[in-house]
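Only one structure is covered here, and it is reproduced in the block below.
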Amino acid sequence: MEYINWQLVRQMFDDKDQETLEILKEFENNVAKIINNVIVSFDPDVLVVNAYIFKEFPEILERISNGFAHVSVRNTPIVLSENVKNASLYGGCAQMIRTILGVSKLKLQYKK
């Protein structure tokens with residue numbers, strides 16, 4: 001395959017393409033380990049993830065969340081950022097503003 005995009009991956013996933021399913025399952029397992037480490041280390045009230053893949057494949061994030069609900073002592077909600085497309089850009093801009101202006105507390109509010 002010379003070209004791939006989210007639509008093709010989604011189609012292969014829906015068609016139950018074995019290689020695609022294996023790759024996404026490995027991704028899911030690895031992300032679940034990372035999320036587990038973050039929850040155990042930082043004990044957040046909520047964990048907000050910002051990855052476009054979860055917007056395209058919400059069932060992956062749902063399986064990860066459901067898996068934690070069964071094994072975790074504390075039920076930490078795992079949610080997808082509302083602004084997946086620009087959140088990293090806004091976070092980077094906020095950090096630059098803080099650094100350049102020497103502002104210790106800065107809160108940006110995202111409005112739809």
Side-chain angles (χ1 to χ4, degrees):
M1 184 174 292
E2 293 180 28
Y3 176 78
I4 191 86
N5 63 22
W6 287 116
Q7 289 176 320
L8 290 171
V9 176
R10 180 83 240 182
Q11 184 63 48
M12 290 185 291
F13 179 83
D14 291 340
D15 291 344
K16 309 250 186 283
D17 176 74
Q18 197 59 38
E19 188 173 2
T20 303
L21 294 175
E22 288 173 13
I23 290 168
L24 289 174
K25 185 63 178 170
E26 183 178 353
F27 171 79
E28 179 182 328
N29 291 337
N30 290 331
V31 170
K33 291 174 188 174
I34 293 167
I35 289 175
N36 181 62
N37 289 341
V38 169
I39 290 173
V40 169
S41 297
F42 299 104
D43 192 28
D45 292 329
V46 64
L47 182 68
V48 179
V49 294
N50 181 49
Y52 195 78
I53 191 168
F54 295 128
K55 184 174 181 178
E56 290 294 324
F57 296 91
E59 57 267 56
I60 293 176
L61 188 58
E62 185 177 328
R63 281 196 304 262
I64 292 171
S65 295
N66 290 340
F68 280 108
H70 294 296
V71 298
S72 178
V73 175
R74 186 164 182 255
N75 191 12
T76 303
I78 303 168
V79 297
L80 181 63
S81 169
E82 290 182 23
N83 188 15
V84 172
K85 192 172 183 179
N86 294 316
S88 296
L89 174 65
Y90 293 163
C93 289
Q95 185 60 42
M96 286 181 6
I97 291 167
R98 286 182 58 184
T99 301
I100 292 169
L101 299 179
V103 178
S104 62
K105 292 184 180 181
L106 175 67
K107 184 176 181 179
L108 296 179
Q109 294 183 348
Y110 170 71
K111 294 183 181 180
K112 292 181 183 180

[Y] side chain reached by [X] side chain, heavy atoms, under 4.5 Å:
X: Asn75; Y: Phe68; value: no
X: Glu26; Y: Ile23; value: no
X: Thr76; Y: Pro44; value: yes
X: Arg63; Y: Glu59; value: yes
X: Ile53; Y: Leu24; value: yes

(request) Indicate the atoms forming the closest heavy-atom contact of Phe13 with Thr20, along with that distance. (result) N-CG2, 4.0 Å
(request) Return the minimal non-hydrogen interatomic distance between Ile35 and Val49, and the atom names on each side. (result) CD1-CG1, 4.3 Å
(request) Verify side chain to side chain contact (heavy atoms under 4.5 Å, CB included) between Phe54 and Val84, making sure each step is shown before the conclusion. (result) CA-CA 9 Å; Phe54 295 128; Val84 172; over 6 Å; no
same_hphob_cluster([X], [Y]) at 4.5 Å side-chain heavy-atom cutoff:
X: Ile60; Y: Val48; value: no
X: Ile34; Y: Val46; value: no
X: Ile64; Y: Val79; value: no
X: Val31; Y: Phe42; value: yes
X: Tyr52; Y: Leu8; value: yes

(request) Begin with the C-alpha distance, continue with both residues' side-chain angles, and end with the deciding distance and a verdict on salt bridge (Lys or Arg N to Asp or Glu O under 4.0 Å) for Lys25 and Glu22. (result) CA-CA 5 Å; Lys25 185 63 178 170; Glu22 288 173 13; over 6 Å; no
